[in-house]
Amino acid sequence: MALTDPADRILAAVRAIPRGEVAGYGEVARRAGLPGRARWVARLLAVSDDPGLPWHRVLRSDGRIAFPAGSDAWEEQARRLRADGVEVVGGRVRIARAERSLDAEVWGPG
DNA sequence: GCTGTGACTCCTT
DNA sequence: AAAGGAGCCACAG
């Protein structure tokens, strides 16, 4: 019954994020087989006391840190990400690319 | 059991 | 790029 618990699957999905990479809350939820439960992912990370949990690799869907900019938690997450080799600029991770705007792809300077 | 809240996400201005 | 609004789910009062 270990991995049958949704919470365990979510935490497992977070631990599965390789060092140097990041994932969105919604993405983690999807990987755990729980689409639409991004908020639950966030809450689990908040209450989890597992020191080995790479919670800092989980970002918002737009590639930004979910904490208020400048807060202690925000600072620590940015620091941990840089320690992972992830480039953080202005609270945003360099990799994440919002390709949610299909119009820009079709009508923009494509 | 209803209400407010939040480490969320998507769509529309 | 940014802001407003609706939808969403788990939890505390």
Side-chain angles (χ1 to χ4, degrees):
Chain A
M1 86 172 256
L3 282 178
T4 63
D5 286 344
D8 285 342
R9 290 206 302 269
I10 290 176
L11 293 178
V14 173
R15 292 193 193 95
I17 304 173
R19 187 170 171 280
E21 291 188 24
V22 295
Y25 291 90
E27 196 177 333
V28 169
R30 250 192 321 273
R31 277 193 205 168
L34 300 163
R37 274 123 183 114
R39 296 192 101 135
W40 195 14
V41 174
R43 184 158 217 302
L44 280 179
L45 296 185
V47 301
S48 174
D49 54 352
D50 186 347
L53 189 70
W55 56 267
H56 56 281
R57 295 176 192 156
V58 186
L59 306 169
R60 281 205 235 162
S61 62
D62 59 3
R64 286 171 168 276
I65 293 178
F67 293 109
S71 66
D72 290 349
W74 184 96
E75 292 275 352
E76 182 170 354
Q77 183 164 11
R79 185 172 55 76
R80 282 171 178 254
L81 282 172
R82 289 191 210 99
D84 271 5
V86 177
E87 199 168 352
V88 185
V89 180
R92 197 177 82 188
V93 168
R94 236 172 193 280
I95 337 172
R97 191 175 297 275
E99 66 172 274
R100 175 159 335 122
S101 178
L102 200 59
D103 273 358
E105 190 68 28
V106 176
W107 292 97

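Per chain, numbering begins at 1; letters A, B, ... match sequence-line order.
We find that CG of A:Asp62 is positioned 14 Å from P of B:dC11, with the value rounded to whole Å. Computed from coordinates, the A:Phe67 CZ to B:dA7 P distance equals 7 Å when rounded to whole Å. In this structure, A:Glu75 places its CD atom 17 Å from P of B:dA7, rounding to the nearest Å. In this structure, A:Ile65 places its CD1 atom 12 Å from P of B:dC8, rounding to the nearest Å. Residue A:Asp72 contributes atom CG, which lies 14 Å from atom P of B:dA7 at whole-angstrom precision.
Partners of A:Glu27 by side chain to side chain donor-acceptor pair (under 3.5 Å), not counting sequence neighbours, listed by chain and number: A:Arg31. By the side-chain contact (heavy atoms from CB on, under 4.5 Å) test, A:Ala73 is found to be paired with A:Phe67, A:Ser71, residues two or more places apart in sequence or in another chain being considered.
Between A:Ser61 and B:dT9 there is a side-chain polar atom (N or O) within less than 4.0 angstrom of OP1 or OP2.
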Please list every donor-acceptor pair under 3.5 Å in which a side-chain atom of residues 32-52 of chain A meets a protein atom from a residue at least two apart or in another chain.
unit_1	atom_1	unit_2	atom_2	d
A:Arg37	NH1	A:Pro35	O	2.8
A:Ser48	OG	A:Asp50	N	3.3
A:Asp50	OD1	A:Gly52	N	2.8
A:Asp50	OD2	A:Arg15	NH2	3.2

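In this structure, A:Trp55 reaches the bases: a heavy-atom distance under 4.0 Å links it to at least one base atom across the strands shown.
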Just by protein heavy atoms under 4.0 Å, how would nucleotides 2-13 of chain C read 5' to 3' in B, S and -?
-----BBBSS--
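Within the structure, every pair that satisfies the side chain to side chain donor-acceptor pair (under 3.5 Å) test and touches residues 77-86 of chain A, not counting sequence neighbours, is listed here: A:His56-A:Asp84, A:Arg57-A:Asp84, A:Glu76-A:Arg80.
Side-chain contact check for A:Ile17 versus A:Val58: some heavy-atom pair is nearer than 4.5 Å.
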